**Q** 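Here's a structure for you.
Throughout, a chain's letter reflects where its sequence line sits, starting with A, and its residues are numbered from 1. Note that the structure is predicted; figures quoted are calculated from it, not measured.
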Protein chains: 2
Amino acid sequence: MARLKTEDRRKNIIDEAVKIIHKQGFEALTIRELAYRVNVTEPAIYRHFENKEDIILSIMDRMNEFDEELNKHIESVKGKERKIAELINFHFLFFEKNPEITSIIFSEDIFRNGKLLPDKLLSILTNRRGIICKVLEDAKRSREYQGLSSCNLATIILGFIRLVVLRWRLSGFAYSLVESGNSEAKTLLKLIYNYR
Amino acid sequence: MARLKTEDRRKNIIDEAVKIIHKQGFEALTIRELAYRVNVTEPAIYRHFENKEDIILSIMDRMNEFDEELNKHIESVKGKERKIAELINFHFLFFEKNPEITSIIFSEDIFRNGKLLPDKLLSILTNRRGIICKVLEDAKRSREYQGLSSCNLATIILGFIRLVVLRWRLSGFAYSLVESGNSEAKTLLKLIYNYR
DNA sequence: TTTAAGTTAGTAAACACTAACTTTCAGAAT
DNA sequence: ATTCTGAAAGTTAGTGTTTACTAACTTAAA
């Protein structure tokens, strides 16, 4: 098959690894299967990655892209209250567009290999909560959610998003996440906006 | 070692299987390891279970115990509004007491083996949401959450619980789930009770 | 004394990974 | 412009280990 430079091949391998986890689960991610999908032999994989854990860690690095996108998007939204709604909407939009990512984010077992990975997920969650918390703190100033803890509220919002996405995943992505998610989000937003 | 009747040995095996998943992850659940923990040889396992999937399915059956306990507990609580708070509290209490259960409920990869298991988790989640939804419907009648969808609210509550428990798991069960969970729950309850 | 619960000793297949060889290709020297 | 060369990307053929599972034998107990 076509010969690729290591940078391109690395990207190629990670892409296929994510697809495997998405379609067949983390257990199915073997070097054999990966090599087959990439159309090279097994040792060729080791030309570009030290070992399997190295591959998994590289997958995690790709996850950071979302947080960057999220941050950018939120900053561009005008209106502090609208940001909360847009934050939820953006999650659903992104996951509907990149369903493979949910397979990574929701795969607990990925994060149990080694000791680095649980910390990685925890830092993703903490970081995400930080972003939401900041948006809420901003909104607080313009309206009166004074009695509420912004970070606790962030937990509620993030937990809501995760569960809605999990149900969508378990359904086999059978319906529109954006549609059904935002419909359910109305109740949450009502709850927040109507807090006195 | 001591010779057990098949019923007792089955329970024995399931107990150890849950412990393995809890301590070492789903990947570590091998017949070898299981037999070692149970203090029998590998073929003895197959005396009591047809194959590995049979073991996993039996683990799932045990999960139903929680829903029964939850239902009983909620019915015993007086005061329709208090039931909501107690529902959240009971989740935290149960999981703190049975941390192994969280490893099962949160292990996506368990549910990817075969086709029966994803449906199983979906039915657990749907059932749980039904329980919460019912409590909320009751509370609705005595107070005015009229503008809110009870089932959407149930999603918010369940999502909140799951995320709080997930963070606790990722921390390595380093703190009291009941304490920190209920503290965070105050914000959610405020949000619900103060809805006008 | 029958039968259920256990054993020993194995199977074939899959796993992550490696040593050693070959091919491709870009850039330098002719 | 063509050839040479060295390194990078790929191969074949294997390693030892672990996996789920089984056939055939033994032991204990009701």
**Q** Atom pairs under 3.5 Å, N or O on each side, protein against nucleotides 1-4 of chain C: can you list them with distances?
**A**
residue: dA4(C); atom: N3; partner: R3(B); partner atom: NH1; Å: 3.4

**Q** State which residues pass ring-ring contact (aromatic ring centres under 6.0 Å, His included) with F95(B); sequence neighbours excluded, sorted by chain then number.
**A**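 F95(B): ring-ring contact (aromatic ring centres under 6.0 Å, His included) contacts with F66(B).
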
**Q** Whole angstroms only, please: what is the CG-P distance between D8(A) and dA9(D)?
**A** 10 Å

**Q** For dG10(D), take OP1 and OP2 only and decide whether either is under 4.0 Å from a side-chain N or O of T41(A).
**A** no

**Q** Starting from P on dA16(C), measure out to CZ on F49(A) and report it in whole angstrom.
**A**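 Result: 15 Å.
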
**Q** Mapping R32(A) and P43(A) onto DNA chain C by nearest heavy atom, which one lands closer to the 5' end?
**A**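 The 5'-side residue here is R32(A).
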
**Q** Nearest to the side chain of I31(B), which nucleotide is it out of dA20(D), dC15(C), dC17(C)?
**A** dA20(D)

**Q** Take the protein atom CZ of R9(A) and the nucleotide atom P of dT24(C), then report the distance between them rounded to whole Å.
**A** 14 Å

**Q** Could you tell me the separation between the CD1 atom of I45(B) and the P atom of dT7(C), rounded to a whole number of Å?
**A** 9 Å

**Q** Let me spell it out: for each of A28(A) and H48(B), pick the nucleotide of DNA chain C with the closest heavy atom. Which residue's pick is nearer the 5' end?
**A**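 With A28(A) and H48(B) compared, the 5'-side residue is H48(B).
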
**Q** Distance check needed: dT24(C) C1' versus L4(A) CG, whole Å only.
**A** 12 Å

**Q** Under the criterion side chain to side chain donor-acceptor pair (under 3.5 Å), I'd like the reasoning laid out for N71(B) against E68(B): C-alpha separation, chi angles, the key distance, then a yes or no.
**A** CA-CA 5 Å; N71(B) 253 327; E68(B) 286 165 28; over 6 Å; no

**Q** Closest heavy-atom contact between E86(B) and N89(B)?
**A**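 In this case the closest contact between E86(B) and N89(B) is OE2-ND2, 3.0 Å.
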
**Q** Would you mind reading off the distance between E27(A) atom CD and dA13(C) atom P, rounded to a whole angstrom?
**A** 20 Å

**Q** Where do E69(A) and F94(A) come nearest, in terms of heavy atoms and distance?
**A**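 Minimum heavy-atom contact is OE2-CE1, 3.8 Å.
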
**Q** What heavy-atom pair brings H22(B) and S103(B) nearest, and what distance separates the two atoms?
**A**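 So the minimum-distance heavy-atom pair works out to ND1-OG, 2.6 Å.
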
**Q** Students often get this wrong, so: under 4.0 angstrom with heavy atoms, is L29(A) touching a base, only sugar-phosphate, or nothing?
**A** sugar-phosphate

**Q** Please report the distance, rounded to the nearest Å, between CZ in R10(B) and C1' in dA5(C).
**A** 15 Å

**Q** Calculate the interatomic distance between E50(B) atom CD and dT22(D) atom C1'; express it in whole Å.
**A** 14 Å

**Q** For S150(B) and L136(B), work out which heavy atoms get closest and say how close.
**A** O-CD1, 3.2 Å

**Q** Tabulate below the donor-acceptor pairs under 3.5 Å that side-chain atoms of residues 40-47 of chain A make, not counting sequence neighbours, or state none.
**A**
residue: E42(A); atom: OE2; partner: R32(A); partner atom: NH1; Å: 2.9

